[in-house]
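Single-structure report; data block below.
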Amino acid sequence: MAQSTSENNTPALKLFNTLTGQLEPFLPLDSAGKPEGQPECQKVKMYVCGPTVYDDAHLGHARCYITWDVLYRFLKFLGYKVEYVRNVTDVDDKILNRAKERGETPAELAERNYHSFTADMKALNVLPPDKEPRATEYIGEMLQGIQAIMDKGAAYRTTDGSVYFRVSAKADYGKLKFGTNDPEALKKHLEDLKSGARVEVDEEKESPLDFALWKAVPLSDANGWESPWPAAGADKGWGRPGWHMECSAMNHAVFGEQIDIHAGGADLIFPHHENEIAQSEAWTGHQPFAKYWLHNGFVNVSGEKMSKSLGNFSTIKKLLERYDANTIRYFLLTNHYRMPVDFNDESLQAAENRVKKMHRTIQAAVKFLNLDNTQLGSLVIKDSSDLMQMTQLKKLIAALNEDMNTAQGLKHLNYAQGQLNLALQDQVPLDEELKIYSIGVAYPEDTDKVRIIKNCLIDLISVFYHLGFSFELIFKTSISNLENLKLQDAVSQRKTAKAEKNWVEADRIRNEILAQGYQILDNKDGTTTVEKDGVEILRV
RNA sequence: GGCGGCAUGGCCAAGUGGUAAGGCAGGAGUCUGCAAAACUCUCACCCCCAGUUCGAAUCUGGGUGCCGCCUCCA
């Protein structure tokens, strides 16, 4: 539809491709031969590097997976048939070491952390991928790939039965890191890289840049797999896959030789993604392995780089104790995904203030329209060809088309909220078209005000939804019945005091309620609303 | 040492060469017993210097400062 393409029929969505170092129009491989400008019939193969499940997920994971969640949602909204694959790395030295420390098997540890990760993602309202392949399930595919690479002369064995990738066999090695295909430039860059490389232990490596596809381990090691490459004198090979091989193997198995999007954190550009490209392209002989390489920026914590060594990393669980998922998402989306982002209380607090106001407005509209909380989802415009007069939703698409400019997107979210607030208090919304059309569940008896509010609400929650905010959190409260009764009692006592113009007593009761962590709001119609964390829990 | 990124109001942050989005905080007002919420109004010549241009936050060169990758990390 027109919304996903510009006037001259080129795709409107542009993404920054690390491979070329440029902003590029998004054209999936599957678009060849398809009618132009109809994403609804085009497939998109999207792969995101998943977690290594050796510990609880941290802020870096949150930023990464929320970023690509927004892209996934957007591509689907535009009409692409997206197959989103996010792997789980469950074989790795870190997992082995951690399991040893804890006295459990690597499989147990991985399983536990995988479930913890899944729970975190759900709590953050990150959509599950279509497939979550696990590295250990693809050892056979890895062995096959390694053999294929060796057969093509791009890898070699060492006497202990390890296999290394021969970087010199790949003329364009370094193209991702350096963003160029120029052989002369790459040659120079690689020389610089080599001179800066740390000393490698393996004397048999032809070049310090060569990396392991397969690491031999002693036959006595329980955490190994049989390989076709025995050490000198042994009758059977034994070892573990190199770090990068898993992604190549899973991509090959699930998607085939080429994919559209490969995304992950910027720290993976080198060496992980560079090596993945090298081995995958050497394996299949087809390039590019991935057409678009997308990377999200780093996470800092209060101005410092978040890192394992600094010990300043916070887990998602810890963060969620303090801020809800919509706040975290709002905060992240105010920053462009490629820029570094700094987690600090001041910024999170600003996001929280904003999100609470957003929740409050939506609650008010839901109440006014007498909707059931669960009805919100069904009101969302989910098809980009059905935008009609949803002006802010249209603007959201335009913003996301520009390399996922979510900060601009939030501007439209905020504007939509402003419109709804105006409508709720009988003021004329600035956008005339919102008054004219009738959309969603419209009934003949709807008054102008009902229709306007409904239109404003649909525009707002559609933007809200497509940015991945959670509806559930708008209405989420946790308050016991006993507490509820106490509050009701207090509010009605205050009402009596107010009626008697006993302001001292009325204020005393209000302060008591405030002290318990509730907000109290007197409405124009004489009712009183009690809120907790910006969510209405009582209206008397 | 090699490569790359970023410098925008008190804070966070967008910005496609044409005269500075948005948010948070603040100030003034409307409403209100007061307060809160909501609404209205208000709050920046974009690190420095030079250049290109009719015109630059946006392009070029130089400087200063901060950060990252090159080692496991999303």
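Proteins get letters first, then strands, A, B, ... in listed order; numbering begins at 1 in each.
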Any donor-acceptor N/O pair, A:N405 side chain to A:H336 backbone, under 3.5 Å: no
Is A:R354 close enough to B:C24 that one of its side-chain N or O atoms is under 4.0 Å from OP1 or OP2 there? yes
B:A25 phosphate, OP1 or OP2, under 4.0 Å from A:N353 side-chain N/O: yes
Rounded to whole Å, CZ of A:R360 lies from P of B:A36 at a distance of 12 Å
Give every pair of a protein N or O atom and an N or O atom of nucleotides 13-15 of chain B that lie under 3.5 Å apart, one pair per line with the distance.
unit_1 : atom_1 : unit_2 : atom_2 : d
B:A13  : OP1    : A:N335 : ND2    : 3.3
B:A13  : O3'    : A:T334 : O      : 3.4
B:A13  : O2'    : A:T334 : O      : 3.2
B:A14  : OP1    : A:H336 : N      : 3.0
B:A14  : O3'    : A:N405 : ND2    : 3.2
B:A14  : O2'    : A:N405 : ND2    : 3.4
B:A14  : O2'    : A:Q408 : NE2    : 2.7
B:G15  : OP1    : A:N405 : ND2    : 3.3

Rounded P spacing from B:U60 to B:C45 in Å: 25 Å
Rounded interatomic separation in angstrom, taking CE from A:M358 and C1' from B:C24: 13 Å
Please give, in whole Å, the distance from B:G26 P to A:Q349 CD? 12 Å
Tell which nucleotide pairs with B:G10, taking only Watson-Crick or G-U wobble pairs whose two distances are both under 3.5 angstrom. B:C24
P gap between B:G22 and B:G61, integer Å: 33 Å
Have a look at A:E346 and say if it touches a base, only the backbone sugar-phosphate, or nothing, with a 4.0 Å heavy-atom cut-off. sugar-phosphate
Please work out which of the three classes, parallel, tilted or perpendicular, describes the rings of A:H273 and A:W293, given edges at 30° and 60°. tilted
Can you check whether A:K305 has a side-chain N or O nearer than 4.0 Å to OP1 or OP2 of B:C69? yes
Counting N and O atoms only, with roles assigned by atom type, does the side chain of A:D342 sit under 3.5 Å from a partner on the main chain of A:S302, one being a donor and the other an acceptor? yes
Integer angstrom distance from the P of B:G62 to that of B:U58: 16 Å
For B:C48 versus B:A7, give the span between their P atoms, rounded off to a whole number of Å. 13 Å
Nearest-Å distance, CG (A:L420) to C1' (B:C39)? 13 Å
Distance between the C1' atoms of B:U16 and B:G4, in whole angstroms? 23 Å
Partner of A:H189 under ring-ring contact (aromatic ring centres under 6.0 Å, His included), chosen from A:F270, A:Y173, A:F178: A:F178
What orientation do A:H61 and A:H58 show, parallel under 30°, tilted 30 to 60°, or perpendicular over 60°? tilted
Remember a base hit wins even if backbone is also touched, and classify A:L521 as base, sugar-phosphate or nothing at under 4.0 Å, heavy atoms. base
Counting Watson-Crick and G-U wobble pairs only, both distances under 3.5 Å, name the nucleotide matched with B:G61, or none. B:C49
Under 4.0 Å between a side-chain N/O of A:N421 and OP1 or OP2 of B:C39, yes or no? yes
Hey, is A:W503 doing a stacking thing with B:G33, by the 5.5 Å centroid and 30° angle criteria? yes
Going by side chain to side chain contact (heavy atoms under 4.5 Å, CB included), name the residues that satisfy it together with A:E505, two or more places apart in sequence or in a different chain. A:A497, A:N502, A:R508, A:I509
Looking at the side chain of A:R510, which of B:C70, B:A35, B:G33 is the nearest nucleotide? B:A35
Nearest whole Å is fine: how far is B:G22 P from A:Y415 OH? 11 Å
Phosphate OP1/OP2 of B:C24: any A:K357 side-chain N/O under 4.0 Å: yes
Looking at residues at least two apart in the chain, or sitting in another chain, which of them share a side chain to side chain contact (heavy atoms under 4.5 Å, CB included) with A:A212? A:Y164, A:K215
Return the 5'-most residue of the pair A:F178, A:T52 with respect to RNA chain B, ranking by each residue's nearest nucleotide. A:F178
If pairing means Watson-Crick or G-U wobble with both distances under 3.5 Å, then the partner of B:G18 is B:C54
Calculate the interatomic distance between A:L13 atom CG and B:U16 atom P; express it in whole Å. 16 Å
Counting Watson-Crick and G-U wobble pairs only, both distances under 3.5 Å, name the nucleotide matched with B:A74, or none. none
Using Watson-Crick or G-U wobble geometry with both distances under 3.5 Å, which nucleotide pairs with B:C66? B:G5
Length of the NE2-P vector between A:H189 and B:G4, whole Å: 6 Å
Return yes if a side-chain donor-acceptor contact under 3.5 Å exists between A:N113 and A:S116, otherwise no. no
Looking only at heavy atoms, what is the nearest atom pair of A:R86 and A:P133, with distance? O-CD, 3.8 Å
Complementary nucleotide of B:C31, counting Watson-Crick and G-U pairs under 3.5 Å: none
